[in-house]
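Notes for the one structure printed next.
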Amino acid sequence: MKPREFRAPGRVNLIGEHTDYNDGFVMPAAIHFATTVKATPRDDRRVVLRSDAFPDVIEFDLDDKHAAPRRKWSDYVQGVAIYLEAKGYRVNGAELHVSSDLPIGSGLSSSAALEVSAGLALSRLSGLQVPPLDLALICQKAENLFVGIRSGIMDQYASTHGRKDHAMLIDCRALTHRLLPLPPRIRLVICNTMVKHELNASEYNKRRADCEAAARAMGVDWLRDATSDQLARTNLEPRIRMRAEHVIFENLRTQSGAQALADHDLAAFGKLMYESHASLRDLYEVSCKELDLMVEIARRQNGIYGARMTGGGFGGCTINLVKEEAVGAFTLAITEGYREGTGITPEIYVCQAVDGAGEII
Ligand code: GLA
């Protein structure tokens, strides 16, 4: 039997970082790098996983009531299967073969793309139509509760709801979004520092705990509801204050950014990107010297509106808004400047915004 193929894109976030789990605003676009799952049904309740990226064949039983994470890539898929079933979607066994051109762990949502593509494959093969928002929430739950990273909804939402040539302003409380057409003759250029600092998961969860502490101290349920006045009035320990200040102003920047895009004011949008980066570096403390260098080199180039780190941080990528005609020179300058500063050759991707996950027919 010919396998069916399901594809889920990664995403790049233009602005609105570490705001999603504070019920705030984010502005990602789904990108043409994606994870693909080739899937054939089985007539039992076993899922057999293979991947181009890893040599092992991993199996799990959908009826295993005591499934525990194995700390492998398969956890993302098994978690999704578990939470599909928990939500009442009964899935059948399947053979899944995963391949991806998304650089793993570089802040472009390789995890969400794996979750969403596997979730689509398992559900569609079982004859189920899971609405995109349900699928996104199930995948987030798998990551939060099975994999153990308390991530927000941005990545899974972007992968399921992306639209060609658009970014999305997502309201992570309402779980709705507004499509924002990307300006013509502008390119989203992603620069990969090629470093991953291993702090990632533990520091991520710590940031989230800091935000919860800040919200409690200010008497709000979520930092989304806190204002700069409240922040000024509340006595907070310095680290918690810095985290809260980042989130409060990043939410404002993201909403102003949507307005700037609508007004075709790319200079204003770019300024917000630089401010976002500085805040992530100095207040939220999730940048690193490689990301900072990448942004500094970018800032000195012609034809660039703005640059910032994108995704969770501690390595990974920057996002740069570059004039189409400047992309060649920009790429060269970043490659040389970054290599000179670090000894590392970066990867640079000129991205298109694409539609969200679906079956490849
Ligand atoms: C990771 C998480 C997202 C989001 C970003 C930071 O990508 O998966 O939910 O919190 O970090 O903005």
Side-chain angles (χ1 to χ4, degrees), residues 8-31 33 35 75-76 79-80 102-116 133 136-162 167-173 175 177 190 192 196-197 199-212 222-224 243 246-251 253-254 257 272-273 275-277 279-281 283-288 291 308-319:
R11 64 97 189 93
V12 67
N13 190 20
L14 302 190
I15 194 159
E17 216 67 82
H18 289 279
T19 43
D20 59 351
Y21 52 82
N22 290 295
D23 249 14
F25 296 91
V26 293
M27 198 194 289
I31 54 174
F33 291 108
T35 295
D75 288 349
Y76 292 95
V80 171
L102 263 165
I104 294 176
S106 57
L108 302 178
S109 287
S110 50
S111 323
L114 174 57
E115 293 154 11
V116 171
L133 182 57
L137 289 165
I138 286 165
C139 291
Q140 183 200 14
K141 211 161 187 189
E143 189 159 324
N144 289 177
L145 301 180
F146 196 68
V147 180
I149 301 179
R150 299 182 62 212
S151 46
I153 191 63
M154 168 167 66
D155 305 351
Q156 294 82 2
Y157 193 108
S159 186
T160 44
H161 291 78
M168 291 169 273
L169 176 69
I170 305 174
D171 177 335
C172 298
R173 167 171 292 167
L175 294 175
H177 67 280
I190 296 175
N192 190 344
K196 281 177 232 166
H197 296 296
L199 300 162
N200 234 331
S202 62
E203 285 297 319
Y204 186 93
N205 289 347
K206 276 195 212 160
R207 292 300 177 284
R208 190 161 175 165
D210 286 350
C211 291
E212 286 164 359
W222 302 95
L223 278 186
R224 146 93 175 247
R243 307 302 189 238
H246 166 74
V247 174
I248 291 170
F249 287 95
E250 185 76 355
N251 270 326
R253 277 189 290 270
T254 307
L272 293 165
M273 290 175 81
E275 287 170 11
S276 166
H277 183 81
S279 177
L280 289 158
R281 181 190 61 208
L283 298 176
Y284 217 68
E285 298 180 299
V286 291
S287 187
C288 61
L291 285 166
R308 55 182 288 281
M309 56 155 276
T310 188
F314 301 106
C317 296
T318 64
I319 168 75

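Side-chain atoms are counted along with the backbone in the values below, which use heavy atoms only and exclude waters and symmetry mates. Indexing begins at 1, ligand by ligand and atom by atom, following the structure's order.
For atom 5 (C) of ligand 1, the closest non-hydrogen atom on the protein side is Met154 CE, 3.8 Å. Among protein heavy atoms, atom 9 (O) of ligand 1 sits closest to Asp20 OD2, 2.5 Å. In this structure, atom 10 (O) of ligand 1 lies nearest to the protein heavy atom Tyr204 OH, 2.6 Å.
The N/O atoms of His18, backbone and side chain alike, include one that comes under 3.5 Å of an N/O atom in ligand 1. For ligand 1, the polar-atom distance check against Gly152 finds a nitrogen or oxygen pair separated by under 3.5 Å.
Interatomic distance, OG of Ser276 versus CE of Met309, reported as 7.5 Å (0.5 Å rounding). Between the OG1 atom of Thr318 and the CE atom of Met273 there is a distance of 8.5 Å, given to the nearest 0.5 Å. Taking CG of Asn13 as the reference point, atom CE of Met154 lies at 4.0 Å (rounded to 0.5 Å).
Classified by interplanar angle (parallel below 30°, tilted 30° to 60°, perpendicular above 60°), the ring pair His18/Tyr284 is tilted.
With ligand atoms numbered from 1 in the order given, ligand 1 contributes 2 (C), 8 (O), 9 (O) to contacts under 4.0 Å with heavy atoms of Ser151. Close approach to Tyr21 involves these atoms of ligand 1, each under 4.0 Å from a residue heavy atom: 10 (O).
Among Leu280, Asp155, Ile149, the residue whose heavy atom sits closest to atom 8 (O) of ligand 1 is Asp155.
Between Asp20 and Arg224 there is no salt bridge, since no side-chain nitrogen of the basic residue lies less than 4.0 Å from a carboxylate oxygen of the acidic one.
Using modelled atom types, one finds a donor on one side chain and an acceptor on the other under 3.5 Å when comparing Glu143 with Ser151.
Neither the backbone nor the side chain of Arg150 comes within 4.0 Å of ligand 1, counting heavy atoms alone.
A donor-acceptor contact shorter than 3.5 Å links the side chain of Asp171 to the backbone of Arg173.
Heavy atoms of Arg11 come nearer than 4.0 angstrom to ligand 1 in at least one pair.
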